[in-house]
Amino acid sequence: MERTFVMVKPDGVQRGLAGQIISRFETRGYKLMGLKLMQISRELAETHYGEHKGKGFFEPLVSYIISGPVVAMVLEGKDVIQGARDMMGATNPAKAAPGTIRATYGIDVGRNIIHGSDSAASAEREINLFFKPEELVSYTRDIDRWLYE
Ligand code: DAT
Ligand code: MG
């Protein structure tokens, strides 16, 4: 089973969308392993988005991501890294496919509601950046036999 890091960004929290967004992942069948509301520090934001340092949108991106609390989560499931990315849609909500989270809830790229890890390496890095090992809970779910064949 794969794990990924997903985060409802400050716009999603301020707009009261966190529950609906978590619900989409739960409804699909992905399992919550970790979940918390947190205020990201500038240092953590700059580390998290380190790959974008030097780009024109880096400063606005960091300011946006620390502008209010986020809801951070770790999801587990079969192929969850790509599956969660597909549910989020394209980076720019204006270009995201109808029905995706970004297209359903957003308009501008700088207010795109949600983050999700883009690879196995990113997922491991981001889970470790945002969660301590003891904040992740392993448990079995009886419904899993109705979800997976
Ligand atoms: P994603 O969040 O889809 O993985 P990314 O990692 O390329 O996209 O970029 C991280 C965030 O930076 C993205 O969610 C929104 C912002 N961003 C990316 N490209 C941008 C651009 N061309 N203009 C403004 N903001 C951008
Ligand atoms: Mg990315």
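Note that ligands are numbered from 1 as they come in the structure, with each ligand's atoms numbered from 1 the same way.
Look at K9 and you'll find a heavy atom under 4.0 Å from some atom of ligand 1. Remark: distances from the non-hydrogen atoms of D118 to ligand 1 are all 4.0 Å or more. Distances from ligand 1 to the non-hydrogen atoms of R102 include at least one value under 4.0 Å. The shortest separation from a heavy atom of R85 to ligand 1 is under 4.0 Å, placing the residue in contact.
Atoms of ligand 1 lying under 4.0 Å from at least one heavy atom of Y49, given by number and element, are 10 (C).
Residue M88 does not touch ligand 1, judged by heavy-atom distances below 4.0 Å. At a heavy-atom distance under 4.0 Å, only side-chain atoms of N112, from C-beta outward, approach ligand 1. Residue V109 touches ligand 1 through backbone and side chain together, judged by heavy-atom distances below 4.0 Å.
Summary of contacts: the protein heavy atom closest to atom 7 (O) of ligand 1 is H52 CE1, 3.5 Å. Of all protein heavy atoms, the one closest to atom 21 (C) of ligand 1 is F57 CD2, 3.5 Å. Of all protein heavy atoms, the one lying nearest to atom 3 (O) of ligand 1 is T91 OG1, 2.5 Å.
By the 4.5 Å heavy-atom criterion applied to side chains, M73 and Y30 are not counted as neighbours.
No more than 12 heavy atoms of other residues, nucleotides or ligands sit less than 6.0 Å from atom CD of E124. The number of heavy atoms from other shown groups lying within 6.0 Å of NZ (K55) is above 12.
Note on E2 versus K31: no salt bridge recorded, every NZ/NE/NH1/NH2 to OD/OE distance being 4.0 Å or above. The pair R141-D144 counts as a salt bridge, with a side-chain nitrogen and a carboxylate oxygen less than 4.0 angstrom apart.
Y105 places no side-chain N or O within 3.5 Å of a backbone atom of I21 that could act as its donor or acceptor partner.
Relative to the ring axis of Y64, K9 does not place its NZ or CZ within 45° and under 6.0 Å from the centre.
Below 30°, between 30° and 60°, or above 60°: for F5 and H115 the angle between ring planes is between 30° and 60°, a tilted geometry.
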